[in-house]
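Order of the sequence lines fixes the chain letters, A, B, ..., with proteins taken first and strands second; residue numbering starts at 1 for each chain.
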Amino acid sequence: MSNRFQAPRGTQDILPDAQPYWAAVQDAIREVTRLYGYRRIDTPAFEDAALFEKGTGDTTDIIEKEMYSFTDRGGETLALTPEATPPICRAYLEHGMASWPQPVRLYTTHAMFRYDRPQKGRYRQHTQFDCEVLGSPDPLVDAEVIELLWRLYERLGIRNLAVRLGSIDDPGPRKAYVERLKDYFRPHLDRLSEDSRRRFDRNPLRLLDSKDDRDLPFKAAAPKLVEQLSPAAEAHMATVRGALESAGIPCVIDPLLVRGLDYYNRTVFEIVPTDDERAQGTIGAGGRYDGLIELLGGPPTPGIGFGSGIERIILEMQRNEVVFAPTPLTEVFIVHHGAAAAAVAFKLAVDLRSAGIPAVVGESGRSFKSQLRSANSSNARVAVIIGEAEAAKGEVMVKDLTGAGDQHAVAIAGAVSDVRQHLTA
RNA sequence: GCGGGCGUAGCUUAGCGGUUAAAGCGCCUGGUUGUGGCCCAGGAGAUCGAGGGUUCGAUCCCCUCCGCUCGCCCCA
C-alpha cells in the first residue's frame, strides 16, 4: 500500500465531503470583504526568493528554515510563497497603486508553503485568507481589520474567541527597550534555558514568551514593552482599543504578544479560541508594518494586515459543531434497460440539463433494482424509468422517490415539462 | 530541527509468537415476471504502513524509514 503514491507530507486532499466548509468560508470572505470595501488581488504561486528574504526578514524562521526555494532552469532563485504580505506590497509598488485613491484595501486567498513539521492545524501547504490596507497610518484602520476578521468568524459560527492585542512600538523606541530588556536578562543568562539563551541574541522579545520553568522567575519582573510605549504608540494602541470596544469586540492586552516577523511595528494581534489548549490554536493574526514598503524600495507607506489559515478556520467550525445538510447528488435519476432505452435516456438527460434540471443517467447493463438503488442513494427526488416497453411506445415512467414511489407514464416529448412540474410541486 | 504516542479491508475497529486475519458500516450482486428506501443472502476488498533483523515460524518482538498525532521551536 505504501508502494502507492501518497500526498506529500504536510499536504492534504480536500474531499467532496469537506467542500461545503470551504465554500462557506469563501462565501463569507466574499461577503465580509464586500462590506468593508476590499478588492480582491491574486499574486503568483512563487516569487523571487529575495522578496521574502528582504521583506519577511532573513533571520525569521520562515525564511531561515521553512522556505521552499529553488533555482529554475533559467537560474532564477524563486520561492513558493510562504507569506502573503510581501507579494501584495510588491504588487502595490509594481502597479503604481500609490496613485490609486488611498488607502488601498486588498484581500486574497492564497496557498502558502512552509517546510515545517506538520501537525494538526499546521501544514506544509495551507491556504490563507489575507487582508492588507496600504497607505493609512490611522489606528481606526487597525481596528477595522481586526473587526473584519472577527465578523468573519462570527458569521461562520465560531464562538469562544478572544482578540489578543499588543504593541511592539516603532523601531527606535523598540530598540531602546530591547537594550533595557537585555540589560535586565544579561546577569541571569547562565541560569536561563538553552532556548532563552539563544533568544537573547536572536530575538530578545521572545524571552518574555518562554514556557520553561527556569525562565519564569526572571520573566515576572522583566520590563514589559506595552508598559513603556512611546507616547505616539501608546495613543495609537488606546485608539485601537477604544474602537474595538465600541464595536463590541472583547479584547485583552497581551504584553507578551510577539509576532515572528521582522516588519511589524505598533499594533500586533491574534485571534485565538479560548477553549482550546492546542498550540496551533491561533486562527488569525496580523499587525502593522509601516516600514515594509520602504524596505522593498518604495516610498514610505504605512500598512496593516492579517493572515488567517482557512484549514484552521474549518477545524474551529467543526469544533463548534457547524454542520451542513448533505446536498443531493442530482434531482433526476434516469434508469434504463436495453439499447433503444439507453439512447432515449441519454437524450432525455441532455434535454433536462439544458432546461436547468440536474440529471444523472444510470449505468448501462445494470438491473433496474441496482440502478434504482443508485437513484435512492443519490437523493434524487425523481426517477425516470425507461424500459424496452416504454422505449417502444415512445413513453417514459416518471416515479416519485420522496414518498411511496407513485409513478405514471408520459410521452417522451412531454417528459421535461412533466418532471419540472413534479419537482416544483 | 528536538522529544513522546500511534499505523490491521474505502471507513470505524477486534484479534493472536504458529493452519485459509475477523466484525460493523460502505461497495457490488441476488431474493422480483422490468422498480429504490427496510429486511435477508452471497460476493469483492488487507502482501496486517514500508524495508530489514531476531526466531523453526511474526501482523504481534527489535531496528530503520514513511505517514499521522501530541508537546517544544515557530507559526495561520
NZ or CZ of Lys65(A) within 45° of Tyr115(A) ring axis and under 6.0 Å |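 No, Lys65(A) does not sit over the ring of Tyr115(A).
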
May I ask you to check if Arg288(A) and Tyr264(A) form a cation-pi contact, with NZ or CZ under 6.0 angstrom from the six-membered ring centre and within 45° of the axis?
->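 Verdict for Tyr264(A): no cation-pi partner in Arg288(A).
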
At 4.0 Å (heavy atoms only), tell me whether [X] reaches a base, stays on the sugar-phosphate, or touches nothing.
| X | result |
| --- | --- |
| Gly387(A) | base |
| Thr127(A) | nothing |
| Ala285(A) | sugar-phosphate |
| Ala389(A) | base |
| Ser377(A) | nothing |
| Glu390(A) | base |
| Gly10(A) | sugar-phosphate |
| Ala404(A) | base |
| Arg124(A) | nothing |
| Gly307(A) | sugar-phosphate |
| Gln407(A) | base |
| Ile283(A) | sugar-phosphate |
| Tyr123(A) | base |
| Arg122(A) | base |

With both distances kept under 3.5 Å, what pairs with [N], Watson-Crick or G-U wobble?
| N | value |
| --- | --- |
| rU64(B) | rA50(B) |
| rG43(B) | rC27(B) |
| rC74(B) | none |

Would you check if the distance from the ring center of Phe306(A) to the ring center of Phe129(A) is below 6.0 Å?
->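 Between Phe129(A) and Phe306(A), which both carry aromatic rings, the centre distance is below 6.0 Å.
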
May I ask you to check whether Phe185(A) and Phe218(A) place their ring centers less than 6.0 Å from one another?
->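 Distance test on ring centres: not under 6.0 Å, no.
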
Do any side-chain nitrogens or oxygens of [X] fall under 4.0 Å of OP1 or OP2 in [N]?
| X | N | result |
| --- | --- | --- |
| Gln119(A) | rG71(B) | yes |
| Arg9(A) | rG67(B) | yes |
| Ser370(A) | rC28(B) | no |
| Arg373(A) | rG37(B) | yes |
| Arg206(A) | rC74(B) | yes |

Among [options], the one nearest [X] by side-chain distance:
| X | options | answer |
| --- | --- | --- |
| Lys369(A) | rU32(B), rA76(B), rG34(B) | rU32(B) |
| Leu401(A) | rG36(B), rC70(B), rA76(B) | rG36(B) |
| Ile385(A) | rC28(B), rU35(B), rC68(B) | rU35(B) |

Would you say Leu423(A) and Arg381(A) make side-chain contact, with heavy atoms under 4.5 Å?
->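 Heavy-atom side-chain distance check passes, below 4.5 Å.
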
Can you check whether Val145(A) reaches Val133(A) side chain to side chain, under 4.5 Å on heavy atoms?
->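 In short, these two side chains touch, coming nearer than 4.5 Å.
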
Grab the [atom1]-[atom2] distance between [X] and [N] for me, whole Å please.
| X | N | atom1 | atom2 | value |
| --- | --- | --- | --- | --- |
| Met112(A) | rC74(B) | CE | C1' | 17 Å |
| Phe200(A) | rC73(B) | CZ | P | 19 Å |
| Phe129(A) | rA76(B) | CZ | C1' | 13 Å |

Does the ring of His126(A) lie flat against the base of rA76(B), closer than 5.5 Å centre to centre with planes under 30°?
->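 Stacked: centres under 5.5 Å apart, planes under 30°.
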
Apply side-chain hydrogen bond (donor to acceptor under 3.5 Å, both in side chains) to Ser308(A) and Gln128(A), showing your working.
-> CA-CA 5 Å; Ser308(A) 181; Gln128(A) 268 186 40; over 6 Å; no

